[in-house]
Amino acid sequence: MTTRAVIMGVGHYLPERVVPNVEFEKTLDTTNEWIVSRSGIERRHFAAEGQTTSDLATRAARAALESAGMTGADLDAIILATSTADFTFPSAATMVQNNLGMKTGFAFDVQAVCAGFVYALANANALIVSGQARRVLVIGAETFSRIMDWTDRSTCVLFGDGAGAVVLEAQEGDGSSDDRGILSTDLHSDGRYRDLLYVDGGVSTQTTGRLRMEGREVFRHAVEKLAETAHAALDKVGLTAQDVDWVVPHQANIRIIQSTAKKLGVPMSHVVVTVQDHGNTSAASIPLALSVGVQNGQIKRGDLIVTEAIGGGLAWGSVVLRW
Ligand code: UT7
């Protein structure tokens, strides 16, 4: 018998305010056509004034718990992937823990920028297979609108706010790749690429800072590294691209998603795409796409799923799981 971390529920939350590309035409030298053709993004959601990452995360968490038929009291741990926590400390995860009325267990944030949800899933899996937790809520939540430079057309049109969550539970499998749950994980980072994507502020500098990105360079690394990590995660369990029902990629740019799918050898009809509606929501993008994929009937129980993501660090990775 092998302990597997099986997804029991999924949910998401998007702030009410939807901002279509044309809104940027009013203040920036940009067009809807440029944004759609270079990124695939048509609209994104922005959090309301005063609405924080832990607010978004709590709503997504409640939706995921409801779909799992659980409450906060059923959980042993919460892992929240975010780079835009409400405060320097405490963690946004402990704020969600309190909002859910969960008085036991433990909660912490994971900061791996756009790869954050993949890192958080890998951590949750490690806690579950090592017997340290039975039920773990994994959330990706971001308010990237708070760290945009609204005068920089090459970045501010790309990002959005949102949150998604899954509930994982320990279940016994037979150790084969037919088991439900997380089958393999593959994580990487390389700090030499720090300057390609970063925020130029932080606690030590007593500023919040704004996002800076060498888009073309990040694009180049993304296409190369995402296919590599997805192949590596599949290899670990003796599976190939032909076995994949759905690729659920980080939603940064439709051209990255298409190039990676091509390199992987998976047709676009087997890729969940939400970038047109959400923009790049960093650590929230994969759980948002999982939740939307389930909601619209694409992802079904037993499907083999590959998730992959890359972001600031650079940090990247992938997870193979059976839904
Ligand atoms: O989630 C973390 C990972 N992040 C990513 O994966 C993002 C990766 N990068 C990208 O998605 C793409 O590189 C971008 C969407 C950011 C840019 O697309 P690109 O095809 O790489 O364009 P580019 O940066 O090479 O820029 C082409 C031109 C430039 O003008 P010149 O130098 O050719 O005259 C830019 O100044 O497009 C210009 N440009 C714009 N024009 C109109 C840049 N932003 C805009 C804009 N509207 N918003």
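One-based numbering along the sequence shown. Counting starts at 1 for both ligands and their atoms, following the listed order. If you're wondering where the values come from, they're calculated on a predicted model, not measured in any experiment.
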Note every protein N or O atom lying under 3.5 Å from an N or O atom of ligand 1, pairing the names and giving the distance.
{"from": "ligand 1", "atom 1": "1 (O)", "to": "H250", "atom 2": "NE2", "distance (Å)": "2.8"}
{"from": "ligand 1", "atom 1": "1 (O)", "to": "N280", "atom 2": "ND2", "distance (Å)": "2.6"}
{"from": "ligand 1", "atom 1": "9 (N)", "to": "G215", "atom 2": "O", "distance (Å)": "3.0"}
{"from": "ligand 1", "atom 1": "11 (O)", "to": "N253", "atom 2": "ND2", "distance (Å)": "2.7"}
{"from": "ligand 1", "atom 1": "13 (O)", "to": "G215", "atom 2": "O", "distance (Å)": "3.1"}
{"from": "ligand 1", "atom 1": "18 (O)", "to": "R255", "atom 2": "NH2", "distance (Å)": "3.3"}
{"from": "ligand 1", "atom 1": "20 (O)", "to": "R38", "atom 2": "NE", "distance (Å)": "3.1"}
{"from": "ligand 1", "atom 1": "20 (O)", "to": "R38", "atom 2": "NH2", "distance (Å)": "2.7"}
{"from": "ligand 1", "atom 1": "20 (O)", "to": "R255", "atom 2": "NH2", "distance (Å)": "2.8"}
{"from": "ligand 1", "atom 1": "25 (O)", "to": "R216", "atom 2": "NE", "distance (Å)": "2.7"}
{"from": "ligand 1", "atom 1": "25 (O)", "to": "R216", "atom 2": "NH2", "distance (Å)": "2.9"}
{"from": "ligand 1", "atom 1": "36 (O)", "to": "R153", "atom 2": "NH2", "distance (Å)": "3.0"}
{"from": "ligand 1", "atom 1": "37 (O)", "to": "W34", "atom 2": "NE1", "distance (Å)": "3.3"}
{"from": "ligand 1", "atom 1": "41 (N)", "to": "W34", "atom 2": "NE1", "distance (Å)": "3.4"}
{"from": "ligand 1", "atom 1": "41 (N)", "to": "R153", "atom 2": "NH1", "distance (Å)": "3.4"}
{"from": "ligand 1", "atom 1": "47 (N)", "to": "T30", "atom 2": "OG1", "distance (Å)": "2.6"}
{"from": "ligand 1", "atom 1": "48 (N)", "to": "T30", "atom 2": "OG1", "distance (Å)": "3.0"}
{"from": "ligand 1", "atom 1": "48 (N)", "to": "R153", "atom 2": "O", "distance (Å)": "2.9"}

Checking side-chain contact (heavy atoms from CB on, under 4.5 Å) for the pair L234/T240: CA distance, chi angles, key distance, verdict? CA-CA 6 Å; L234 285 166; T240 70; 6.0 Å; no
Do E308 and T229 have a side chain donor and acceptor closer than 3.5 Å? no
Quiz question: by atom type and distance under 3.5 Å, do the side chains of D186 and H188 form a donor-acceptor pair? yes
Measuring from atom CG of L56 to atom CG of D86, what distance do you get when rounded to the nearest 0.5 angstrom? 9.5 Å
When you group the ILVMFWY residues by side-chain heavy-atom contacts below 4.5 Å and let the links chain together, are F108 and L168 in the same group? yes
Determine whether a donor-acceptor pair (N or O, by modelled atom type, separation under 3.5 Å) exists between the side chain of R210 and the backbone of R146. yes
